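Read the structure below first, then the notes.
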Amino acid sequence: MSHNVLITGGSGYLGGDLLARMGAANLPPYGKLFASVRTAEQAEGVRQYGAQPLFFNLKDRSEIRTAVIDHEITVVYYLIDAVQHDPPLFFIEALAEVKKATGRTVHFLHTTGAKLFSSHADAPTDRLLLDTDPQLYDIQKAQSPKLSVAQEGVRTNCAVIEEAERYGVHGYVFVPCIVYGKSKGFGDPVSTLRQIYMIVRSAKALGRVYRVDSDRPEWPVCHILDNTTAYIALLRKILADENPSHGKNGYYLASPGSVAWDDLYDAVAAALVKRNIIADGSVALADDKILGDMGAALGVPKEMVPLQLGGKCTLTARRAREELGWKPVYSAEHVLEAADAEVEWILEHLKD
């Protein structure tokens with residue numbers, strides 16, 4: 001019996017790129033490809049990539065159960081919310097029922113974020129934190145973030161691992177970082193949640209680029225093509241029944257390396273000066289008042305600004321390279337070279 005695959009978030013930045021690239025990925029044979037949708041327009045969008053649209057409430061346990069069981073879905077790519085606790089667990093429960101009925105191995109891939117493995121979430125940053133560390137689950141379980149949104153996100157990551165193990169589902173935690181580049185998907189062309197978008201939006205409103213850290217912290221980065229090829233490399237192993245690492249050994253970061261936030265700020269500032277969006281290309285340290293102004297520009301509380309635009313993350317990619325054969329096309333430094341084009345693209349789609 002072939003695997004039936006469901007991708008949620010297919011109209012988004014990451015999910016749309018995944019859908020768009022799957023057709024040319026030369027994957028092992030599988031059954032049907034489904035994509036969750038909310039509108040008729042989205043349904044048409046996913047059909048162009050050979051996916052069958054499914055209309056159901058992604059937060060409703062009963063509707064999730066019906067969609068997964070009725071279509072005998074055995075692989076779920078969850079790309080819609082890194083924080084909320086219940087919906088991922090609803091999918092895991094439904095997958096367990098499919099396993100019981102069909103005898104197939106079932107898989108749940110949860111998309112989280114590097115912020116939950118960073119200084120913002122009380123993760124260790126005094127050393128490299130490898131995604132292959134056999135203690136990574138225990139490390140995350142012991143984290144005590146101050147921000148409630150980080151608390152919930154960490155709790156959700158751990159619950160995915162725990163509940164998947166309890167129900168006999170192969171669970172994976174995929175960790176996007178600073179992802180940049182144009183998505184090939186039909187939906188969100190920019191993604192208003194991305195960090196570079198936030199830098200541009202804040203600078204445009206305040207007339208200057210500000211940094212939020214007094215030191216020089218680094219953060220992992222990844223071009224969207226390389227992020228998607230890591231998603232696909234994992235799916236390739238699943239479809240080939242090669243039993244990729246899962247559960248407490250199922251953390252996957254796609255990143256060729258890290259860059260300093262200061263270097264990213266400088267590159268964005270130069271691109272904004274070039275286009276006469278700001279007059280001063282030097283980057284200043286935000287004080288408390290500026291943090292409040294930045295929060296107002298971004299539509300978030302002042303306390304959330306550092307979470308969006310800074311912090312230190314030492315999570316380091318090993319598993320995708322070593323176990324999946326993933327080879328990134330772009331170096332970490334490429335994000336700095338691409339910043340000019342990235343700013344141009346963002347400004348074209350900036351809503352305000």
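All of these numbers come straight from a predicted model, not from anything done at the bench.
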**Prompt:** How does the hydrophobic cluster around W326 look, that is, which other residues are in it when side-chain heavy atoms under 4.5 Å mark a link?
**Reply:**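 Listed partners: none, W326 stands alone.
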**Single hit among H334, Q195, H223, E342 for side-chain hydrogen bond (donor to acceptor under 3.5 Å, both in side chains) with Y180** =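 Result: among H334, Q195, H223, E342, H334 is the only option passing the side-chain hydrogen bond (donor to acceptor under 3.5 Å, both in side chains) with Y180.
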**Prompt:** Of K237, H170, E322, E323, which meets side-chain hydrogen bond (donor to acceptor under 3.5 Å, both in side chains) against S245?
**Reply:**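 When K237, H170, E322, E323 are each tested with S245, the side-chain hydrogen bond (donor to acceptor under 3.5 Å, both in side chains) holds only for E323.
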Would you call [X] and [Y] a salt bridge, taking side-chain N to carboxylate O under 4.0 Å as the test?
X	Y	answer
R155	E152	no
R61	D86	no
K100	E97	no
D133	R318	no
D131	R319	no

**Prompt:** Is the CZ atom of R275 crowded by more than 12 outside heavy atoms at less than 6.0 Å?
**Reply:**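 Counting neighbours around CZ of R275, more than 12 heavy atoms of other residues, nucleotides or ligands fall under 6.0 Å, so yes.
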**Asked** In this structure, are over 12 heavy atoms from other groups packed under 6.0 Å from N26 atom CG?
**Response**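 Not buried by this count: 12 neighbours or fewer within 6.0 Å.
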**Prompt:** Should the ring pair Y172 and Y252 be called parallel, tilted or perpendicular, given that the plane angle runs from 0 to 90° and is split at 30 and 60?
**Reply:**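 Judged by the thresholds at 30° and 60°, the geometry between Y172 and Y252 is tilted.
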**Asked** So W219 and H120, would you call those rings parallel, tilted or perpendicular, with 30° and 60° as cut-offs?
**Response**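 Because their plane-to-plane angle lies in the 30° to 60° range, the rings of W219 and H120 count as tilted.
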**Request:** Please test Y137 against E162 for side-chain hydrogen bond (donor to acceptor under 3.5 Å, both in side chains), starting from the C-alpha separation and ending with a verdict.
**Result:** CA-CA 10 Å; Y137 163 81; E162 293 159 1; 2.6 Å; yes
**Prompt:** Do T112 and V160 come within less than 4.5 Å of each other through their side chains, counting heavy atoms only?
**Reply:**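 Not touching, per the 4.5 Å side-chain cut-off.
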**Asked** Under the side chain to side chain contact (heavy atoms under 4.5 Å, CB included) test, which residues partner L128, sequence neighbours left out?
**Response**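 Listed in chain order: L130, T316.
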**Prompt:** Is it true that H110 and Y78 have ring centroids separated by less than 6.0 Å?
**Reply:**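 Between H110 and Y78, the centre distance is under 6.0 Å.
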